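Worth saying up front: this structure is predicted, and the values here are computed from it rather than measured. Proteins get letters first, then strands, A, B, ... in listed order; numbering begins at 1 in each. These values consider heavy atoms only, across backbone and side chains, with no hydrogens, waters or symmetry-generated copies.
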There are 2 protein chains.
Amino acid sequence: MGRAKRKAKASTRPDIHAVAHLARVSIATVSRTINNVATVDPRLAQRVWKAIDTLGYSPNSQARALVSGRSRLLGLIISEITNPFFPELIQGFEDVAVENGYEILISSTNYEPQRMEQCIQRMLERKVDGVAVMTFGIEEPLLDRLAQREIPLVFVDVAPKGPLFSTIEVDYYHGIREAVQHLAVLGHRRIGFISGPLHLHSARERQSAFLRAIGEIGLKLNPAWLQEGDHTLEGGISVMQKLLDSGDAPTAIMTSNDMTAIGVLHALYKADARVPEDFSVIGFDDVTIAQFTLPPLTSVQMSRRELARCAVLALRDHLEPQPSSYVPRYKVQTKLTVRQSTGLPSARPFRRGNGRNGRKPAPQS
Amino acid sequence: MGRAKRKAKASTRPDIHAVAHLARVSIATVSRTINNVATVDPRLAQRVWKAIDTLGYSPNSQARALVSGRSRLLGLIISEITNPFFPELIQGFEDVAVENGYEILISSTNYEPQRMEQCIQRMLERKVDGVAVMTFGIEEPLLDRLAQREIPLVFVDVAPKGPLFSTIEVDYYHGIREAVQHLAVLGHRRIGFISGPLHLHSARERQSAFLRAIGEIGLKLNPAWLQEGDHTLEGGISVMQKLLDSGDAPTAIMTSNDMTAIGVLHALYKADARVPEDFSVIGFDDVTIAQFTLPPLTSVQMSRRELARCAVLALRDHLEPQPSSYVPRYKVQTKLTVRQSTGLPSARPFRRGNGRNGRKPAPQS
DNA sequence: AGTCATCCGGTAAACGTTTGCACCGCTCCG
DNA sequence: CGGAGCGGTGCAAACGTTTACCGGATGACT
């Protein structure tokens with residue numbers, strides 16, 4: 001009956017041999033059963049499953065990975081987890097990964113391009129099967145270095161060449177056009193845009209989508225209404241203040257991300273202006289916080305769960321041959337979520353401190 | 001010269017044999033060198049390091065884990081990553097883990113206790129060395145089942161018995177007393193508290209810390225000012241509305257978490273009351289969003305980075321014998337962060353819709 | 001009935017490390 | 001001068017899987 005030497009192993013977790021022994025089959029059969037590969041006699045299979053169940057066996061993923069060369073681990077590189085843009089992305093990534101039998105490994109660059117190298121290094125040591133790079137502002141030279149690695153990589157927007165690389169496209173235009181249209185329908189003709197730092201690919205994309213939308217809808221854009229921000233709260237505050245000081249502020253302000261929009265809200269609050277009565281504000285990203293601002297922020301949303309899903313699927317498609325009928329399509333939409341920061345334009349232009357709403361300026365503590 | 005069969009391995013990543021061969025030593029020596037275990041002749045060691053460097057070798061963590069039985073992987077179980085409480089915790093956990101040479105694996109329960117089982121399952125399959133359970137509202141029976149596992153576990157607040165378990169204590173009282181004192185110094189005598197759901201351990205802790213602080217500072221608490229919330233925005237809104245409707249609202253409101261406080265802010269905004277002129281509001285947790293509300297929220301902070309650091313260290317202390325001089329102390333402080341939602345109490349009681357600030361009610365969209 | 005193809009299950013060799021054990025040469029001491 | 005002790009190194013056996021390969025049984029066809 002073979003294998004007499006292992007017996008009464010007390011407290012250690014059961015291994016494949018224990019299962020094989022209990023089911024009176026060889027370990028090969030157990031392996032084939034749990035991987036449902038090739039054909040195993042249904043009666044044997046049943047014995048095996050039963051044995052697995054009674055022993056509470058679960059395969060050792062490291063041994064598996066070691067011999068098969070596939071770890072079923074997916075890497076996710078992000079900028080910084082405390083940036084409210086990312087948690088939802090991570091959640092989506094994890095959900096879809098787990099759905100497909102993968103575990104995930106997260107690493108953050110903290111916006112420092114040189115840390116990307118370490119992230120990749122850690123991922124490689126853990127032998128991930130593929131990596132999704134979802135960080136802001138990835139640089140071209142860095143891409144080339146990434147290209148050396150022999151694992152599938154997926155990016156957003158940017159499209160490096162190479163058979164192991166995939167790109168997820170984002171249709172910024174769709175949602176931004178909806179936003180501009182929304183404002184136009186409300187009656188706004190003076191619409192401003194505060195962009196992100198223009199060295200960022202995604203910021204440029206958003207800005208040009210805005211310009212295109214303005215053009216196609218047939219509005220006129222005063223160049224002074226197009227300002228460059230930096231995707232921070234403070235940036236939003238100072239740019240909005242500048243617009244107010246100019247004396248020729250637009251009646252509606254769109255921004256390249258929600259942080260900037262919240263900055264705008266703060267600036268308006270300080271200037272004693274009301275939203276949406278005096279100004280309409282639209283953010284971008286529809287970060288969780290957007291629901292909680294005062295007033296809740298109208299924002300253009302790119303589904304981060306969808307983005308994450310695409311990323312996982314793109315990697316999976318590299319790793320597991322798909323049926324020929326399957327046509328991958330990695331593209332995510334954007335769309336407008338209307339909340340309470342947008343409304344009809346004010347009848348007469350807002351003038352700072354005209355006191356028409358009688359509020360004293362907020363006290364400085 | 002041995003090992004002639006491996007040669008010209010072209011594109012595969014170098015393994016320990018390649019290093020050994022290049023350094024003209026055995027693989028055992030290479031292993032001992034990189035783990036700096038036992039004593040290796042410095043000259044050999046140097047040859048080894050050089051070989052490692054020229055080949056760009058990095059050890060295969062799975063093979064390592066397989067034979068050593070230690071994966072250098074730490075599990076982290078949280079409630080939900082999109083809850084703004086967690087990202088900072090995760091960040092801290094990761095930082096300290098990486099500092100100590102560990103990687104982390106995250107899993108979320110989504111507040112469903114039954115999912116805890118799956119989380120643990122996944123962790124065990126990946127053979128984590130230890131797990132930190134940082135989820136809200138863990139149930140006693142679940143703890144007992146966790147106890148079956150043979151890996152170190154660390155918890156917050158709750159203290160299961162067992163040699164493999166550690167607990168991190170949180171000193172809620174310190175920060176909450178600071179908060180009450182802050183309000184008292186400003187002149188508030190009517191201070192209310194909106195608790196979390198009282199079946200949660202941490203919510204009870206916070207409430208009793210508040211009661212103790214009120215007592216020790218010598219204030220009187222009207223029982224109507226002590227309300228149970230549910231840690232959600234909506235809960236905060238409705239409880240605050242109830243307080244306003246009662247006609248005997250406190251002049252300052254403390255809450256058991258920031259979400260509730262933001263709800264309070266919303267309710268006050270709708271009721272046309274001003275913060276901090278009419279009411280002072282203090283949150284708990286000091287979540288990132290608290291900086292961005294209107295006005296920025298005064299809040300009691302428990303350092304989540306510190307909490308995370310304690311968790312990692314507690315696990316490490318279980319896994320790696322520490323020098324006897326080392327005395328572990330897993331306790332984290334709370335403290336008050338003052339922003340702009342607190343100020344002097346209003347001279348005369350606020351009355352809804354008395355129009356004294358002339359604002360029209362916010363339009364419903 | 002004999003031969004061949006087919007199918008399924010078992011045996012054993014990997015995968016890349018760590019580590020117990022044995023060995024070798026040196027030093028030190030009797 | 002010989003033996004004991006020891007520091008340093010190599011050999012080989014694990015760790016728990018997957019999978020190529022082989023061999024035995026079974027059914028079909030001539």
Side-chain angles (χ1 to χ4, degrees), chain A residues 1-3 5-6 9 12-48 51-52 55-73 101 124-127 129 320, chain B residues 1-3 5-6 9 12-48 51-52 55-73 124-127 129:
Chain A
M1 64 181 294
R3 282 249 160 240
K5 77 175 175 187
R6 320 183 156 260
K9 325 182 9 218
T12 59
R13 293 181 61 76
D15 64 358
I16 201 173
H17 290 103
V19 175
H21 182 247
L22 182 59
R24 303 190 311 281
V25 296
S26 74
I27 59 166
T29 301
V30 177
S31 174
R32 281 193 274 256
T33 304
I34 59 185
N35 295 319
N36 55 346
V37 67
T39 49
V40 177
D41 186 308
R43 293 164 18 155
L44 289 198
Q46 198 186 345
R47 288 223 303 273
V48 170
I52 287 177
L55 280 119
Y57 165 79
S58 73
N60 180 322
S61 53
Q62 345 226 49
R64 258 183 167 184
L66 183 57
V67 52
S68 71
R70 317 228 297 94
S71 63
R72 302 206 72 85
L73 217 54
L124 290 178
E125 277 179 26
R126 284 287 165 186
K127 296 281 181 294
D129 289 342
E320 303 167 12
Chain B
M1 62 185 292
R3 284 250 159 237
K5 78 174 172 187
R6 324 188 153 255
K9 324 181 9 214
T12 60
R13 294 181 60 77
D15 65 359
I16 201 175
H17 291 103
V19 176
H21 182 248
L22 183 58
R24 302 190 310 281
V25 296
S26 73
I27 60 165
T29 301
V30 176
S31 174
R32 281 192 273 257
T33 305
I34 59 185
N35 294 321
N36 53 343
V37 67
T39 48
V40 176
D41 186 307
R43 293 162 19 148
L44 289 199
Q46 198 186 346
R47 288 222 303 271
V48 170
I52 287 176
L55 276 99
Y57 165 79
S58 73
N60 180 323
S61 52
Q62 345 226 46
R64 261 185 163 180
L66 183 58
V67 54
S68 71
R70 316 228 298 97
S71 63
R72 302 206 72 83
L73 216 53
L124 290 178
E125 278 181 26
R126 285 288 167 184
K127 296 281 180 296
D129 289 342

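A donor-acceptor contact shorter than 3.5 Å links the side chain of A:Thr33 to the backbone of A:Thr29.
Listed nucleotides D:dG16, D:dT18, C:dT18 differ in distance to B:Leu66; the shortest reach to its side chain belongs to D:dG16.
Rounding to the nearest 0.5 Å places CG of A:Asn60 at 10.0 Å from CZ of B:Arg126. How far NE2 of A:His21 is from CG of A:Asp15: 12.0 Å, rounded to the nearest 0.5 Å. Atom OG of B:Ser71 is separated from atom CD of B:Gln62 by 10.5 Å, given to the nearest 0.5 angstrom. Between A:Lys127 atom NZ and B:Arg13 atom CZ the span is 5.5 Å, to the nearest 0.5 Å. B:Ser61 contributes atom OG, which lies 11.0 Å from atom CG of B:Leu66 (distance to the nearest 0.5 angstrom). Atom CG of residue A:Asp129 and atom CZ of residue A:Arg70 lie 5.0 Å apart, to the nearest 0.5 angstrom.
If you take CG of B:Asn35 and P of C:dT17, they are 11 Å apart, rounded to a whole angstrom. In this structure, CD of A:Glu125 is placed 16 Å from P of C:dG16, rounded to the nearest angstrom. One interatomic measurement links the two molecules: CZ of B:Arg70 to P of D:dA14, which rounds to 23 Å at whole-angstrom precision. Separating the CG atom of A:Asn36 from the P atom of C:dG9 is a distance of 14 Å, rounded to the nearest angstrom. For the pair A:His21 NE2 and C:dG10 P, the computed distance is 13 Å after rounding to whole Å. Atoms CZ (A:Arg43) and C1' (C:dG9) sit 14 Å apart, rounded to a whole Å. The distance between atom CG of A:Asp15 and atom P of D:dC15, rounded to the nearest whole Å, is 8 Å. Between A:Leu55 atom CG and D:dG16 atom P the separation is 14 Å, expressed in whole Å.
Against DNA chain D, the stretch residues 58-65 of chain A makes heavy-atom approaches under 4.0 Å through A:Pro59, A:Asn60, A:Ala63, A:Arg64.
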What pairs of nitrogen or oxygen atoms, one from the protein and one from nucleotides 25-27 of chain D, lie under 3.5 Å apart?
none

Can you pull every protein N or O that's under 3.5 Å from an N or O on nucleotides 9-13 of chain D?
unit_1: D:dT9; atom_1: OP2; unit_2: B:Asp41; atom_2: N; d: 2.8
unit_1: D:dG10; atom_1: OP2; unit_2: B:Ser26; atom_2: N; d: 3.0
unit_1: D:dG10; atom_1: OP2; unit_2: B:Ser26; atom_2: OG; d: 3.0
unit_1: D:dG10; atom_1: OP2; unit_2: B:Thr29; atom_2: OG1; d: 2.5
unit_1: D:dG10; atom_1: N7; unit_2: B:Arg32; atom_2: NH2; d: 2.6
unit_1: D:dG10; atom_1: O6; unit_2: B:Arg32; atom_2: NH1; d: 3.3
unit_1: D:dG10; atom_1: O6; unit_2: B:Arg32; atom_2: NH2; d: 3.3

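Closest non-hydrogen pair, A:Val48 versus A:Val19, comes out as O-CG1, 4.2 Å. Scanning all heavy atoms of the two residues, the minimum distance from A:Ser31 to A:Ile16 falls at N-CD1, 3.9 Å.
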- Task: Verify side chain to side chain contact (heavy atoms under 4.5 Å, CB included) between A:Ile34 and A:Arg64, making sure each step is shown before the conclusion.
- Result: CA-CA 12 Å; A:Ile34 59 185; A:Arg64 258 183 167 184; 4.0 Å; yes
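With a 6.0 Å radius and a threshold of 12 heavy atoms from other residues, nucleotides or ligands, A:Glu320 has its CD atom above the threshold.
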